[in-house]
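First comes the structure, then the notes that go with it.
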Amino acid sequence: MAEEFELDVADLERRMDGAMSALRTEFASLRTGRASASMLEPVMVEAYGQKTPINQIGTVNVPEPRMVTINVWDKSLVNATEKAIRDSGLGINPQLNGTIIMLPIPELNEERRKELSKVAAQYAEHARVSVRNVRRDGMDRIKKAKADGMSEDDQKFWETEVQELTDKFIHQVDEALEGKQAEIMQV
């Protein structure tokens, strides 16, 4: 019974990779002084009685390095879209031009860069916590198998596997954070 214990390392790796994907998405939404359509991904517009992503309300374009435009398809949603952008905390002041909303991206000052750097660090810490939670689940399975009669050598082997996987993903989170902070602080 315990001889057949096989920890699903691929499942743990998939779940840790999910934490990394979430981190990349959060990092993409952070402003770095350059216009990017992905910075609007977290913004949800109250449309048709529910929260809807901006990319389902209109066409998002980046016509120049410091400008994002949104061509809203439904005229009645222009004001709701503008309000959602203002309330998003992105620090962008939308300008209306008919059904087109223009978002000029202001230059980041030093104080705002430091704030964004701290936000990036918080996102990274959430990703580390997610990775550690997956590690804890794996370790709990190993402990349960140990209670069911797994040998100590097998226990050590699986614990080492889980820890190495965890270390690998924590290192990836740290590298991603360093890269994003360097990008934010770049003038």
Side-chain angles (χ1 to χ4, degrees), residues 1-34 36-57 60 84-85 87-91 108 112-186:
M1 66 179 200
E3 279 30 290
E4 295 125 26
F5 178 78
E6 185 78 27
L7 186 66
D8 191 354
V9 178
D11 176 57
L12 296 178
E13 188 166 5
R14 181 187 54 75
R15 290 169 55 199
M16 288 181 185
D17 200 38
M20 277 303 297
S21 295
L23 178 67
R24 282 187 213 101
T25 302
E26 288 174 329
F27 276 178
S29 72
L30 281 180
R31 245 175 9 100
T32 58
R34 287 192 305 260
S36 159
S38 63
M39 63 195 276
L40 295 173
E41 283 178 7
V43 180
M44 301 298 265
V45 179
E46 187 65 43
Y48 313 116
Q50 63 186 14
K51 297 276 187 190
T52 309
I54 279 192
N55 63 1
Q56 293 179 17
I57 300 295
V60 179
I85 293 166
D87 297 344
S88 69
L90 287 173
L108 292 176
R112 184 69 175 137
R113 288 178 192 280
K114 288 179 180 170
E115 272 179 46
L116 287 174
S117 190
K118 287 178 186 172
V119 171
Q122 289 173 338
Y123 288 163
E125 186 54 35
H126 291 302
R128 284 188 207 101
V129 168
S130 296
V131 168
R132 288 186 198 116
N133 285 340
V134 174
R135 174 191 176 274
R136 189 190 62 228
D137 290 348
M139 292 300 194
D140 287 348
R141 289 185 198 156
I142 294 166
K143 282 185 184 131
K144 187 179 179 307
K146 172 83 169 111
D148 290 344
M150 182 189 348
S151 74
E152 219 166 286
D153 286 346
D154 285 348
Q155 177 189 8
K156 292 280 186 238
F157 170 79
W158 288 113
E159 284 177 352
T160 303
E161 286 284 309
V162 171
Q163 189 58 51
E164 285 174 358
L165 189 62
T166 303
D167 293 344
K168 176 180 125 184
F169 276 94
I170 295 290
H171 182 69
Q172 285 180 12
V173 168
D174 292 342
E175 281 183 340
L177 174 62
E178 280 178 32
K180 188 62 177 184
Q181 285 180 328
E183 184 182 331
I184 290 169
M185 296 310 281
Q186 184 180 29

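Predicted model, so just to flag it, every value in this text is computed and none were measured.
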Nearest heavy-atom pair of [X] and [Y]: which atoms, and what distance?
X	Y	answer
Ala176	Leu23	CB-CD2, 4.3 Å
Val60	Ala37	CG1-CB, 3.7 Å
Ala47	Thr52	O-OG1, 3.7 Å
Ala124	Leu177	CB-CD2, 3.8 Å
Ala120	Ile184	CB-CD1, 4.2 Å
Val173	Ala127	CG2-CB, 4.0 Å

Heavy-atom check, side chain of [X] versus side chain of [Y], under 4.5 Å:
X	Y	answer
Tyr123	Arg24	no
Arg15	Asp137	yes
Glu26	Val119	no
Leu40	Asn55	no
Thr166	Met139	no
Ile54	Ile85	yes

Between atom [atom1] of [X] and atom [atom2] of [Y], what is the distance when rounded to the nearest 0.5 Å?
X	Y	atom1	atom2	result
Glu183	Arg113	CD	CZ	10.5 Å
Leu116	Met185	CG	CE	9.5 Å
Met16	Ser130	CE	OG	10.5 Å
Asp154	Lys146	CG	NZ	10.0 Å
Leu7	Met150	CG	CE	8.0 Å
Gln172	Met20	CD	CE	5.0 Å

Checking Arg14 against Asp17 for the salt bridge (charged side-chain N to carboxylate O under 4.0 Å, His left out) test, could you report, in this order, the C-alpha distance in whole Å, the side-chain angles of both residues, the deciding distance, and whether it holds? CA-CA 5 Å; Arg14 181 187 54 75; Asp17 200 38; over 6 Å; no

Sequence neighbours excluded, which residues qualify as side chain to side chain contact (heavy atoms under 4.5 Å, CB included) partners of Glu13? Leu165, Lys168, Phe169

Residues that Arg136 engages under side chain to side chain contact (heavy atoms under 4.5 Å, CB included), provided they are two or more places apart: Asn133, Asp140

So does Asp148 pair up with Lys144, basic N to acidic O under 4.0 Å? yes

Salt bridge or not for Glu125 and Lys118, using N-O below 4.0 Å? no

Run Ile142 and Glu161 through side chain to side chain contact (heavy atoms under 4.5 Å, CB included) and show every step you take. CA-CA 11 Å; Ile142 294 166; Glu161 286 284 309; over 6 Å; no

Assess the residue pair Glu159 and Gln163 against the criterion (side-chain hydrogen bond (donor to acceptor under 3.5 Å, both in side chains)); give the C-alpha distance rounded to whole Å, side-chain angles, the decisive distance to 0.1 Å, and a yes or no. CA-CA 6 Å; Glu159 284 177 352; Gln163 189 58 51; over 6 Å; no

Is it true that Gln122 and His126 share a donor-acceptor pair across their side chains at a distance under 3.5 Å? no

Is a side-chain donor or acceptor of Lys180 paired with a backbone partner of Phe27 at a separation under 3.5 angstrom? yes

Under the 3.5 angstrom rule, does the side chain of Thr160 hit a backbone N or O of Lys156 as a donor-acceptor pair? yes

